[in-house]
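For reference, the structure discussed in these notes is given below.
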Amino acid sequence: MARGSRSVTSTNWRYCHPSYYLKRPKRLALLFIGFVCVSFVVWDRQTLVREHQVEVSGLRKEVTDLKNKLGDSNNKQGGTFGKIDLSSKVTKSSKEVLDDPIDIERREKVKEAMLHAWGSYEKYAWGQDELQPQSKSGVNSFGGLGATLIDSLDTLYIMGLNEQFQKAREWVANSLDFNKDYEASVFETTIRVVGGLLSAYDLSGDKVFLDKAREIADRLLPAWNTPSGIPYNIINLSHGRAHNPSWTGGESILADSGTEQLEFIALSQRTGDPKYQQKVENVIAQLNKTFPGDGLLPIYINPHSGAAGYSPITFGAMGDSFYEYLLKVWIQGNKTPVVKHYRDMWEKSMKGLLSLIRRSTPSSFAYICEKNGGSLTDKMDELACFAPGMIALGSFGYTTADESQKFLSLAEELAWTCYNFYQSTPTKLAGENYFFHSGQDMNVGTSWNILRPETVESLFYLWRLTGNKTYQEWGWNIFQAFEKNSRIESGYVGLKDVNSGVKDNKMQSFFLAETLKYFYLLFSPSSVIPLDEWVFNTEAHPLRIVTRNEGELDKNLNEKQKPFSRIGGRKEGRSG
């Protein structure tokens with residue numbers, strides 16, 4: 001929403017004229033003139049920028065609505081969304097700010113990093129899930145589904161790497177096989193594979209990606225065949241047998257069960273088949289029946305009763321993306337009444353989040369505690385550094401300027417903390433989690449770094465939403481730390497220890513899907529994947545916003561669901 005929308009008129013500038021201060025002491029007058037002039041220049045610029053952003057946002061929303069109306073009939077008949085020409089997006093119109101030469105240079109550096117990562121994967125691990133750069137070999141971490149390749153499709157497309165994209169497309173069309181006797185994570189397979197394929201489809205309009213997304217989604221669907229509809233988190237892709245990990249005691253994990261909504265709703269919209277949307281929206285309906293007043297759910301949910309178990313509450317591992325998707329499904333549906341309950345649930349959760357905020361001493365770093373029963377633990381995962389971006393994105397949906405500003409300010413405070421997760425180590429790369437002790441600010445706990453994207457993601461959102469170039473500078477510092485510590489001749493590796501800099505032997509697929517993509521977009525014009533036309537899934541795969549209205553696919557959601565015939569079903573310290 002617009003904040004500080006009052007226009008600055010020419011009358012404000014009369015205070016800058018010396019005649020106004022003739023009756024004042026000369027020195028005071030001159031000092032006061034300087035202060036007032038600078039204040040009005042800053043205020044005027046900020047106000048005009050905000051007004052311009054609101055105006056552009058409104059125009060883009062109208063365009064999005066028109067595109068959706070034009071596309072509805074096409075989609076219902078199995079048509080494509082049409083290829084998105086991103087090359088034209090980078091060319092700025094005369095009404096937009098010119099592309100900064102420094103941004104162009106940095107963007108090219110990020111593209112070169114992507115080419116290095118992709119070229120190493122192509123040379124040493126083609127078609128396998130992930131590259132092991134030090135041993136120059138591939139490993140199938142996700143059952144041999146080509147995770148890095150699929151995760152990279154939209155990054156290649158957005159960066160204009162057409163030759164690499166086409167080669168990857170041919171592999172998807174001719175070699176991608178889902179008939180694997182493999183116990184797959186429903187969550188990881190959804191966000192990486194279903195999300196990656198749908199994003200490639202939305203961007204390119206190539207139906208091969210939609211067909212493959214539907215094929216793997218059909219193999220995942222039996223996981224939702226539980227008494228409550230809360231899915232099991234593991235499924236055998238060949239036999240369709242679903243279960244939960246033994247270490248959860250039979251419980252389903254909150255993030256793993258509440259982070260398929262964007263992908264499966266998008267799949268129903270693009271295929272015209274409501275069954276995918278029905279399954280995932282029923283999960284939210286079940287959780288909403290007993291949703292607590294503070295909007296905070298424990299990380300374990302009983303798949304038989306749908307009740308939350310006694311377990312920790314966290315915005316880190318196993319909790320995080322559930323809250324992210326409450327906000328993003330509202331955005332995905334273009335914020336219509338049909339999806340308002342998602343926003344309502346998210347706002348409750350943000351009230352709960354405020355109760356978890358503490359500040360360190362002596363530097364007053366804001367951080368998000370974890371909660372166990374009635375007590376708080378002064379620990380924050382780097383994974384939770386997605387939260388500043390999420391909060392900033394959601395802050396513009398509040399109905400009052402005070403609420404909006406309160407949450408935007410909190411987002412900015414948390415981003416500063418997350419940036420200091422990086423700056424506080426010898427390598428300038430963040431550890432996996434941090435503990436806060438009185439008088440000591442932050443101390444790294446688990447000290448590995450596996451090329452995670454969350455802090456860069458938040459810097460991207462904050463730069464897009466505020467225009468503050470400080471976030472670009474922070475991002476550039478983090479990028480340079482990755483280049484210095486993680487780049488080797490055969491790809492990028494994580495660190496076993498951010499203090500010593502000792503390297504591991506894994507190039508995570510999300511480094512190409514998320515980390516490098518967010519770096520690239522951080523230095524790209526805001527017209528490249530604009531936030532009022534696209535929404536990112538939790539693996540940074542952009543999906544087109546499609547307006548949802550009563551009586552479309554949603555009319556089927558209240559019909560009795562037919563059992564899905566079995567075809568042969570976690571977010572721990574999530575690797576994605």
Side-chain angles (χ1 to χ4, degrees), residues 1-3 50 53 57 254-255 258-259 262 294-297 313-317 319-332 335 339 342-360 364-371 376 380-421 430 434 452-468 470-471 474-475 514 518 521-522 531-532 535-538 540:
M1 63 176 292
R3 291 188 307 281
R50 286 171 179 164
Q53 288 174 337
S57 178
L254 176 64
T259 312
L262 284 178
D294 64 3
L296 300 178
L297 286 177
I313 289 170
T314 178
F315 279 79
D320 49 6
S321 49
F322 165 72
Y323 303 103
E324 175 188 358
Y325 271 35
L326 290 180
L327 174 67
K328 288 185 173 179
V329 173
W330 175 70
I331 293 171
Q332 180 190 38
K335 308 173 185 178
V339 288
Y342 285 94
R343 173 77 196 195
D344 293 341
M345 292 174 73
W346 182 80
E347 289 194 9
K348 280 186 180 181
S349 299
M350 291 306 97
K351 289 180 181 177
L353 180 143
L354 292 177
S355 71
L356 304 180
I357 298 294
R358 283 181 174 173
R359 288 172 175 80
S360 71
S364 196
F365 289 116
Y367 60 96
I368 307 172
C369 294
E370 297 181 352
K371 187 174 184 179
L376 298 183
M380 181 174 171
D381 290 348
E382 196 283 335
L383 277 166
C385 284
F386 86 98
M390 174 193 69
I391 295 167
L393 186 63
S395 71
F396 290 84
Y398 283 98
T399 56
T400 68
D402 287 346
E403 282 290 282
S404 180
Q405 186 58 53
K406 177 176 72 175
F407 281 100
L408 181 58
S409 296
L410 175 61
E412 292 175 323
E413 281 193 83
L414 290 170
W416 172 238
T417 301
C418 291
Y419 177 58
N420 278 277
F421 284 174
Y434 285 78
R452 288 199 188 276
E454 287 76 20
T455 297
V456 185
E457 172 186 355
S458 284
L459 297 180
F460 159 72
Y461 279 113
L462 281 162
W463 171 71
R464 277 283 182 96
L465 294 166
T466 69
N468 187 341
T470 297
Y471 300 116
W474 294 356
E514 301 186 70
Y518 282 128
L521 292 173
L522 181 61
L531 295 180
D532 49 8
V535 61
F536 289 90
N537 86 336
T538 198

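Residues take their numbers from the sequence shown, with the count starting at 1.
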- Note on the structure: Residues Gly319 and Ala255: closest non-hydrogen pair is N-CB, 3.9 Å
- Query: Applying the ring-ring contact (aromatic ring centres under 6.0 Å, His included) test to Trp474, which of Tyr419, Phe421, Phe460 qualifies?
  - Reply: Tyr419
- Task: Measure from the side-chain N and O atoms of Ser404 to the backbone N and O of Ala401, and report whether any donor-acceptor pair falls under 3.5 Å.
- Result: no
- Message: Measuring from atom OH of Tyr323 to atom CZ of Phe386, what distance do you get when rounded to the nearest 0.5 angstrom?
- Response: 9.0 Å
- Do Trp346 and Arg343 touch side chain to side chain, with heavy atoms closer than 4.5 Å? yes
- Approximate separation, where rounding is to 0.5 Å, of Asp532 CG and Ile331 CD1: 10.5 Å
- Query: Heavy-atom distance under 4.5 Å between the side chains of Leu531 and Phe536, does that happen here?
  - Reply: yes
- Can you tell if the side chain of Phe407 reaches within under 4.5 Å of the side chain of Tyr398, non-hydrogen atoms only? yes
- Is any side-chain heavy atom of Asp381 closer than 4.5 Å to a side-chain heavy atom of Glu454? no
- Query: salt bridge (charged side-chain N to carboxylate O under 4.0 Å, His left out): which pairs involve residues 349-358, sequence neighbours left out?
  - Reply: Arg358-Asp378
- Note on the structure: Of all heavy-atom pairs linking Ser458 and Cys385, the shortest is OG-O, 2.6 Å
- With side chains defined as the heavy atoms from C-beta onward, is the minimum distance between Leu414 and Ile357 less than 4.5 Å? yes
- Inter-residue atom distance Lys371.NZ - Ser355.OG, 0.5 Å rounding: 5.5 Å
- Message: Please tell me whether Thr400 and Asp402 have a donor and an acceptor in their side chains that are separated by less than 3.5 angstrom.
- Response: no
- Task: Measure across Arg359 and Ala366 and return the closest heavy-atom pair with its distance rounded to 0.1 Å.
- Result: CG-CA, 3.9 Å
- Message: Can you confirm whether Thr259 sits close enough to Leu254 that some side-chain heavy atom of one is under 4.5 Å from a side-chain heavy atom of the other?
- Response: no
- Just how far is it from atom CG of Leu383 to atom OG1 of Thr455, taken to the nearest 0.5 Å? 9.5 Å
- Task: For Tyr434 and Tyr367, run ring-ring contact (aromatic ring centres under 6.0 Å, His included): C-alpha distance rounded to whole Å, both residues' side-chain angles, the deciding distance at 0.1 Å, then the answer.
- Result: CA-CA 10 Å; Tyr434 285 78; Tyr367 60 96; over 10 Å; no
- Message: Could you report the tightest heavy-atom contact between Leu462 and Ala392, atom names first, then the distance?
- Response: CD2-CB, 3.7 Å
- Note on the structure: Between Ala384 and Pro388 the two heavy atoms that sit nearest each other are O-CD, 3.9 Å
- Can you tell me how far the CD1 atom of Ile391 sits from the CD atom of Glu412, to the nearest 0.5 Å? 11.5 Å
- Item | Audit row: Leu408, Leu465, side chain to side chain contact (heavy atoms under 4.5 Å, CB included) steps and yes/no | CA-CA 10 Å; Leu408 181 58; Leu465 294 166; 5.6 Å; no
- Looking only at heavy atoms, what is the nearest atom pair of Ile368 and Met380, with distance? N-SD, 3.5 Å
- Do Asp320 and Thr314 touch side chain to side chain, with heavy atoms closer than 4.5 Å? no
- Task: For Phe322, check ring pair (Phe, Tyr, Trp, His ring centres under 6.0 Å) against everything at least two apart and list the hits.
- Result: none
- Query: Roughly how far apart are Glu324 CD and Glu457 CD, rounded to 0.5 Å?
  - Reply: 6.0 Å
- Query: Does the side chain of Ser409 pick up a donor-acceptor pair with the side chain of Gln405 at under 3.5 Å?
  - Reply: yes
